[in-house]
Number of protein chains: 2
Amino acid sequence: MAIQTLPQTPQEAWKKIRTGDWRGVTSGVAPGYVQANLAILPMALAFDFLLFCQRNPRPCPILEVIEAGEVEPRLTAPGADIRTDIPYYRVYENGELTGEVDSLKEIWRDDLVSFLLGCSFSFESALSEAGISLRHQEMNCNVPMYVTNIATNSAGVFSGPMVVSMRPVRHDKIVRAVQVTSRFPATHGAPVHIGDPSVIGIENIDRPDFGDGVEIRPGEEPVFWACGVTPQAVALNCKPPLMITHAPGHMFVTAQRDADYAVL
Amino acid sequence: MAIQTLPQTPQEAWKKIRTGDWRGVTSGVAPGYVQANLAILPMALAFDFLLFCQRNPRPCPILEVIEAGEVEPRLTAPGADIRTDIPYYRVYENGELTGEVDSLKEIWRDDLVSFLLGCSFSFESALSEAGISLRHQEMNCNVPMYVTNIATNSAGVFSGPMVVSMRPVRHDKIVRAVQVTSRFPATHGAPVHIGDPSVIGIENIDRPDFGDGVEIRPGEEPVFWACGVTPQAVALNCKPPLMITHAPGHMFVTAQRDADYAVL
């Protein structure tokens, strides 16, 4: 098989994914463009879930909601089709994973509402550009994620603890890390905690609940950001009859640039 | 009648309003606390309206949504009752004003969802503290408001143009006015336009669509912010069977301080 070149624009990514020419993870695809987490739920749960996201903007920053009966993300990705333009989807029934598919066309229903949520790729780019290195990228592993004792604000049937991701930051870079990520509230924003993990209920920093453990070196503090796994965990927790998400690492590429979401 | 003293705390305001001891406008009540616009709609319209607000955060910044069947704003005003703690309410049926009441207890229904939206009082305090005077306050009149040619992002049954408010700002203060209000995205945030009114479809700056015209002096530019009248106008535009709002100037006083909503 020939070595594939990474799609460089959102439009190229959608087309290659739709036609089966790209099935890999989306890290590095269409650099500079915002990638999104996907959560699809039936209309009957959509108000509660939208309200849950509104009440918890740090873990659940909404980029776009595609209304029932529609499949095009008109605001963030005009021309794309949410049913076909993600490499792999996961299907959950009653809270259990029941399948992984590369298209939703056969199982699509007109009562499904699609939520696109900000992911950490955008603020990781901003951190890198500010000279703050990312340990999990250096180690070529997944970012460590932890279930905390920080309660989310419940809404309707949805409730549960906040999940955070952790990146070690050198003391002389911590203030800058706060400033840089504060500019991007649409992609998790400022840290939720800096320093002692036990304060937010993390007993063993070397044993994340999701992802991989990374080294924290002398002169560094662990810095914690709200994580997009939160809404997915909270939603599955209430065992919805049907829920569809992107497969881990296989995100939806929007046509919005990272800079479009900076507040300052 | 004895001269009434202004309630100084949110709790005092709710109690005095609830017992009929305060029926005045809420300007100056509980200084330093955020005041909110109110819009109440039946559950059948709540998802569309919440999505409209999510898609248009500048004119429609959500402070809290009180779910159907509940009357306490648990997040922003614990202990208050949304049916009784505003001096006057307006009731609209099929888009027409049909009454003004001082309590909703008799007409309350369990399918009503209450939306509390940020208002401009908060950022006007911030402007004043930054040494930027407010012409409409100096003139003791209402801020001028205009229907623009700026389209909102529609959602479900809700669509319509953005309404803006205007404050004249001296050239040497314009940058500071942008900075100061950028800190408060939950209360309309940064301006949507600075300078030439015709660019956003305003033909005669002296003739606002709502409120009162104010003088723009030499050395000043008109500066325009998204206005909380937008969601109300858009909602009434689709003639909902029932909609309830606060009466103009009679806002809901929350227990949140202005500073709680600063992003930086």
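Below, read A as the first sequence line, B as the second, and so on, with proteins coming before strands; counting in each chain starts at 1.
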In short, A:Leu50 meets B:Leu51 closest at the heavy-atom pair CD2-N, 3.7 Å
Would you mind checking which part of B:Ala190 comes under 4.5 Å of any heavy atom in chain A, side chain (CB onward), backbone (N, CA, C, O), both or neither?
neither
Could you tell me which of B:Cys53, B:Gly156, B:Ala68 has the largest number of non-hydrogen atom pairs under 4.5 Å with chain A?
B:Gly156
Engaged part of A:Arg55 at the chain B interface, taking heavy atoms whose separation is under 4.5 Å
side chain
Do A:Phe47 and B:Val65 have side-chain heavy atoms sitting under 4.5 Å apart?
yes
Among B:Arg74, B:Gln54, B:Glu64, B:Gln179, which residue forms the greatest number of heavy-atom pairs with chain A at distances under 4.5 Å?
B:Gln54
Can you tell which of B:Leu75, B:Val113, B:Val178 has the highest number of heavy-atom pairs within less than 4.5 Å of chain A?
B:Leu75
Contact leader toward chain B among A:Ala46, A:Gly189, A:Pro185, A:Ser182, where contacts are heavy-atom pairs under 4.5 Å
A:Ala46
Within a reach of under 6.0 Å around CZ of B:Arg170, are more than 12 heavy atoms found that belong to other residues, nucleotides or ligands?
no
